[in-house]
Amino acid sequence: MSPARIAIGQYVPVDSPVHRLNALAKMGLVAAFTAALFLVHGFAGLAAAGAVLVAAIALSRVPAAAAARGVSAVAVIVAFTLLANGLRWRPATALVRVGPLALDAAGLRTGSFFALRILLLVIATTLLTLTTSPVEITEALERILRPLRPLGVPAGELAMTLTIALRFVPTTAEETERIVTAQSMRGARLDSGGPLARVRAWVPVLIAVFFNLFRRADDLAVAMESRCYHGGEGRTSMRMSKMRSADWVALLAGASMLIAMGLML
Amino acid sequence: MAQGAGTAVSGVAFEDVSFSYSAGGAGRSALCDITLTLSSGELLAVVGANGSGKSTLARLCNGLLVASSGVVRVDGLDPADPDLTWDVRSRVAMVFQDPDNQIVGTVVEDDVAFGPENLGVPADEIRRRVDAALAAVGLAGFERREPHLLSDGQKQRLAMASALAMEPAYLVLDEPCAMLDPEGRADVLALADALAHERGHGVLLVTHDIADVAVADRVAVLDRGVLSFLGDPEDLLSDDAALTAAGLEMPSIGVLAALLRESGFDVPRRALTPEALVGALWH
Ligand SMILES: Nc1ncnc2c1ncn2[C@@H]1O[C@H](COP(=O)(O)OP(=O)(O)O)[C@@H](O)[C@H]1O
Ligand SMILES: [Mg+2]
């Protein structure tokens, strides 16, 4: 795996109104969209929600295929939802019968309603990660958790931990690959043999990776202290991740429209 | 702390500093009775064999370690004073050996912003510092790049930008070139040179490379925790025994220069690269 191919999340860095929208506003809109999906009581509602989503994808200028990628991850759940609702045991009327089992039209309707709801939800959250960098998501999470600070939730520290984890994913992946290559050259067989042999071959690799991670953590802690890191207290942030008035307008208008749509359709 | 307290002498000053990793001073000291001062506008090279105490010396400069005896002062401030920790660390910025283990940000500009953010600098001032620091190290235009996509040399320059963003008076570079290829090494060295001699920072450069010693204003040699030489690089470069003790090896260009000197050519001892040697012979 070359470093360039290691993508954290699935962020597609192009410029679009959706990308420029503050992460907090986007998360709020996804939440409102989710609420609308659970409020709608018919296919008309789902169709409207789908139209909103298609418009958002077009506006975001990310490839539609990328937006649909998340769907494969939930294919099993979608299929299960369809079948769980559509299959009946010896029903009076049926579309298709296989022995005592049969597909029932009304059941299928309910099933596809639920399945569509899941699909729309997954595509909407995928669109969020496609148009929002992990850093922005981390920052938005910090903003959301900040009010909980008096209750002892270390919002800044959590966000910092997440940021560092994101920062070291590619580094650790590169390092793992280096160690795998080194082990393979010494005759370790990591990709052949039975499962037990493979697990055994991976053990030294994992030990080396963990050992290096702890060493890294030590070094990094010293480097961070040298750069005056002392927790979230008194820290400022360079990024203007403030909600601009345009973000507020988009969030409030979008959310109320979505909720209204959910209530009416 | 009667000694040196409150005196606003500038520089990073060591006075009779000893340090031992084992508590109570039992066991061998990592550093023994070190007295030296790093001044603004000066490039001070620190050389010595592995385990001679170079990193220990570096970490005493910003209070990561606290002297077992003797005093360290940064512009008159005591790094061991908990109230002054962040003040001292914003004056003395550190760059370490491993480029990967000191980058915190997921993109270049976030990493440079990390120090000033910790210091509570307002957002637009951080932006200004980040742009200035990236320009100073030649990484302008890399703001949104992910650090793991940089070369090791670029990563070290990023680490230097991140140090500069705290607007320190002094920079302590602990073997910043050790893991770099020759090109990255030359870039980092040229940068250290410029930071000291053009921008007026006091730069302490821990190094293994004799070429780095040649551009330094002064050089300190550590031998098993003892300061065995402190002075003009030329004097060190002309003393084979001292060089060997310092764990340094004269490169073949230096040997050639010595032969030329013996035959009556006027070649300075600092001419340790082919370019410098050719330049010296040309004049
Ligand atoms: N964290 C530590 N704990 C105990 N001893 C240490 C530690 N770090 C370094 N030392 C010891 O202190 C001495 C000086 O180390 P160091 O300053 O790292 O040398 P250098 O950087 O010149 O290689 C060495 O003998 C080393 O083994
Ligand atoms: Mg060292």
Side-chain angles (χ1 to χ4, degrees), chain A residues 1-9 11 13 15 133-139 156 159-175 177-178 212-242, chain B residues 55 58-59 61-65 82 85-107 109-131 144 146-150 155 159 162-163 165-166 168 172 174:
Chain A
M1 212 189 299
S2 77
R5 270 197 289 136
I6 302 165
I8 311 169
Y11 182 55
D15 189 38
S133 73
V135 180
E136 290 173 290
I137 293 184
T138 309
E139 270 175 5
M160 178 57 62
T161 310
L162 203 56
T163 306
I164 291 173
L166 286 171
R167 150 76 186 90
F168 279 95
V169 165
T171 307
T172 307
E174 281 167 43
E175 187 168 72
E177 197 199 332
R178 253 201 314 275
N212 282 340
L213 270 178
F214 281 112
R215 196 177 42 83
R216 259 185 219 297
D218 265 350
D219 281 6
L220 192 69
V222 171
M224 287 172 69
E225 271 188 47
S226 294
R227 282 157 73 189
C228 301
Y229 181 70
H230 49 286
E233 195 118 335
R235 263 195 118 229
T236 46
S237 168
M238 171 181 70
R239 277 168 190 283
M240 292 307 220
S241 60
K242 289 204 184 76
Chain B
S55 296
R59 287 171 183 219
C61 292
N62 76 343
L64 283 172
L65 296 176
T85 308
W86 313 120
D87 189 355
V88 166
R89 289 189 189 167
S90 63
R91 283 171 201 252
V92 185
M94 303 269 282
V95 173
F96 299 92
Q97 181 172 341
D98 191 327
D100 273 321
N101 295 1
Q102 50 189 321
I103 299 174
V104 185
T106 38
V107 294
E109 63 176 11
D110 285 357
D111 190 66
V112 183
F114 181 72
E117 283 175 341
N118 292 333
L119 293 171
V121 175
D124 33 358
E125 165 68 6
I126 299 180
R127 184 81 254 172
R128 189 194 62 74
R129 289 191 186 193
V130 168
D131 293 342
R144 310 290 302 174
E146 287 175 28
H148 70 102
L149 299 177
L150 301 178
K155 283 181 196 166
S162 300
M166 300 202 297
V172 173
D174 190 355

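Below, each value reflects all heavy atoms present in this structure, side chains not excepted, and no hydrogens, waters or symmetry copies. In what follows, chains carry the letters A, B, and so on, assigned in the order in which the sequence lines appear, proteins first and then strands, with residues in each chain numbered from 1.
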Highest number of heavy-atom pairs under 4.5 Å with chain A: which of [options]?
| options | result |
| --- | --- |
| B:Val107, B:Val121, B:Val172, B:Asn62 | B:Val121 |
| B:Ala93, B:Ser162, B:Ala159, B:Ala165 | B:Ser162 |
| B:Arg127, B:Arg59, B:Gln97 | B:Arg127 |

Contact origin within [X] toward chain A - heavy atom pairs under 4.5 Å:
| X | answer |
| --- | --- |
| B:Arg144 | side chain |
| B:Val130 | side chain |
| B:Asp111 | both |

With side chains defined as the heavy atoms from C-beta onward, is the minimum distance between [X] and [Y] less than 4.5 Å?
| X | Y | value |
| --- | --- | --- |
| B:Val104 | A:Thr163 | no |
| B:Asn118 | A:Met224 | no |
| B:Pro116 | A:Met238 | no |
| A:Val222 | B:Phe96 | yes |
| A:Arg215 | B:Asn101 | yes |

Which atom names give the shortest non-hydrogen contact between A:Tyr229 and B:Trp86, and what distance separates them? O-CH2, 3.8 Å
Locate the shortest heavy-atom distance separating B:Ala123 from A:Ser237; write the atom from each residue and the value. CB-O, 3.4 Å
Would a distance-only check, ignoring hydrogens and angles, find a side-chain to backbone donor-acceptor pair under 3.5 Å from [X] to [Y]?
| X | Y | value |
| --- | --- | --- |
| B:Arg89 | A:Glu225 | yes |
| A:Thr236 | B:Pro122 | no |
| B:Gln102 | A:Asp219 | no |

What is the distance from atom [atom1] of [X] to atom [atom2] of [Y], rounded to the nearest 0.5 Å?
| X | Y | atom1 | atom2 | value |
| --- | --- | --- | --- | --- |
| A:Arg235 | B:Leu119 | CZ | CG | 10.0 Å |
| A:Arg227 | B:Met94 | CZ | CE | 12.5 Å |
| B:Ile103 | A:Thr171 | CD1 | OG1 | 8.0 Å |
| B:Asp100 | A:Glu175 | CG | CD | 8.0 Å |
| B:His148 | A:Thr172 | NE2 | OG1 | 11.0 Å |

If you count heavy-atom pairs under 4.5 Å with chain B, which of A:Ala223, A:Ala221, A:Ser226, A:Ala217 comes out on top? A:Ser226
